Amino acid sequence: MTREESAYKIKSANLPVLVLHLNTTDMAALQSQLQSRIDQTPDYFDDAPLALGLEGIANSGVAPLFDELIAFMRTHEIRVVGAIGGSPEQREAAAHAGLALFPATPARPAGAPEPAPPPIDEVRQPELPGFETITPEMEVQASAASDEEPFAEDPRPPFSEARPTLVIDKPVRTGQRIYAKGADLVVLSIVNAGAELIADGDIHIYAPLRGRAIAGAQGNEGARIFVQRLEAELISIAGIFRVFEEGVPEEFRGKPAQVHLEGSRLVIQPLPQGN
Amino acid sequence: MPRIIVVTSGKGGVGKTTTSASFSSGLAMRGNKTVVIDFDVGLRNLDLIMGCERRVVYDIINVINGEVSLKQALIKDKNCDNLFILPASQTRDKDALNLEGVERILNELKESFDYIVCDSPAGIESGAFTAMYFADEALVVTNPEVSSVRDSDRILGILAAKSKRAVEGQEPIKEHLLVTRYDPKRVEAGEMLSVTDIQEILRIPLIGVIPESESVLLASNSGTPAIHQEKSDVAEAYRDVVARFMGEELPMRFLTAEKAGFFKRIFGGR
């Protein structure tokens, strides 16, 4: 007697989503500002799922025209999937427009983050133009943890359910860029000077690293970098970066090392050697 | 099964055309029907190095544009019976070269030749890209010098990612490292990268080392590929490269500085 194979499985997941907090119910102003943001960096949203934060306008007494807004966003490849918080009338209007409803997130900082990119004098992800991308083609998004609110209380950024680890087993050559979007990256071959590894999660390199390694690219401050031989040009975690102009410090040069973030400081430590 | 071999480097002036000339001559001398094609439209050099510049009537662009047949454009080499040359255009724009046209030419050449050697121009733009796109194997010519090594690394990345074989998911291009202008004395003095240093970065199999030599200049001035300069170290080195390419196992030569013998030291000369 054969049992019927289960056609589905339900699990809960924490998935990364951008939140756009509305500060105004003036759709014209919102659309015009969004348009100029998109004109500046066309790939900024790149089909990302997005939720509308309504807390800022919850007391305005006006419900935004969700249908119009969603349609406008779709033309710019932004997929609005839900609405967060807001007044009962606003939530009803949002549901009517087909959005999922999320509870208002607790303890929001006063004043929503601005849609414009952060000021340049902050230590930010260096933009690295002009390289070719090997796997999922997408520019690195410079965003810190404060721009993205996780929906659950779990303070850890949600990566475990996202995508399988990207494994590269051929040399990464100068001018090449590998981006493990929403995943960890494992490289089993040399990373030459002028090559670039980017991951939203951790990066493991079981070979010499002579190029750049950029982990936690979307703001995951818990991301780490593990290298068999540290000879890097640049390392970065969650936007905090360090260049090795004079070469890697003597104590770590050419040795197995791991890098993690403590506050806003990159900490390099030796990796335990084989026993 | 005809094989297409691209001779490329990224960096300019490292010895691609010198190598294309000698390598294709070496293949032909072993009885293989060989054709060597100059892809450097606008700055062609292969015809000079092969000594046939006065016999160029038609070029690859004429063939691509359908103005003449391939047979009319091919020039028979004066030194080797089995060797033919397809020159580049001197006057046309390099945009006249296109992938479809080149593919047609290569398919036609495969009907009568065993080996098709593509002499690539320097750089990573359309000329170099077209030269490498259809390759089965690649000779990556590298000088023992940091910018050449970096450019070779770049070219290797492009070969592995953007060639026809890569794009269509076929078996990857077989890559061979050819180190040229090698001076063992300077390597031992620590002024020049060693073959080991180069391989540490590029990580591809070494097919040969061509020593720095005056005979290369003599060869190009006389329009005779270096492999024909009897008794010269460069000729020997290129013969070794061809032999290894054909599957023979030969120890690597010209890696250590020769101690000048007594007479050499007294009377000088090479």
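No experiment lies behind these values; they were computed from the predicted model shown. Residue numbering restarts at 1 for every chain, and letters A, B, ... go by the order of the sequence lines.
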Quiz item: Is the number of heavy atoms from other residues, nucleotides or ligands within 6.0 Å of CD (A/E245) greater than 12?
Solution: no

Exercise. Would you indicate whether B/R181, at its atom CZ, is surrounded by more than 12 heavy atoms from other residues, nucleotides or ligands within a distance under 6.0 Å?
Key: no

Self-check item: chain A contact via B/L159 - which portion, at a heavy-atom distance below 4.5 Å
Solution: neither

Quiz item: What part of B/I155 gets closer than 4.5 Å to chain A, counting heavy atoms only: side chain, backbone, both or neither?
Solution: neither

Quiz item: Roughly how far apart are B/I158 CD1 and A/R173 CZ, rounded to 0.5 Å?
Solution: 11.5 Å

Quiz prompt | B/E171 atom CD: more than 12 heavy-atom contacts under 6.0 Å | solution = no

Quiz prompt | Neighbour count >12 (heavy atoms, 6.0 Å) for atom CZ, B/R253 | solution = yes

Practice problem: Could you point out which residue of A/N192, A/I190, A/V172 forms a side-chain contact (heavy atoms from CB on, under 4.5 Å) with B/D153? | Solution: A/N192

Quiz item: More than 12 heavy atoms of other residues, nucleotides or ligands under 6.0 Å from CZ of B/R150: is that the case?
Solution: no

Quiz prompt | Heavy-atom closest contact (A/P208 atom, B/R203 atom, distance) | solution = CG-NH2, 4.3 Å

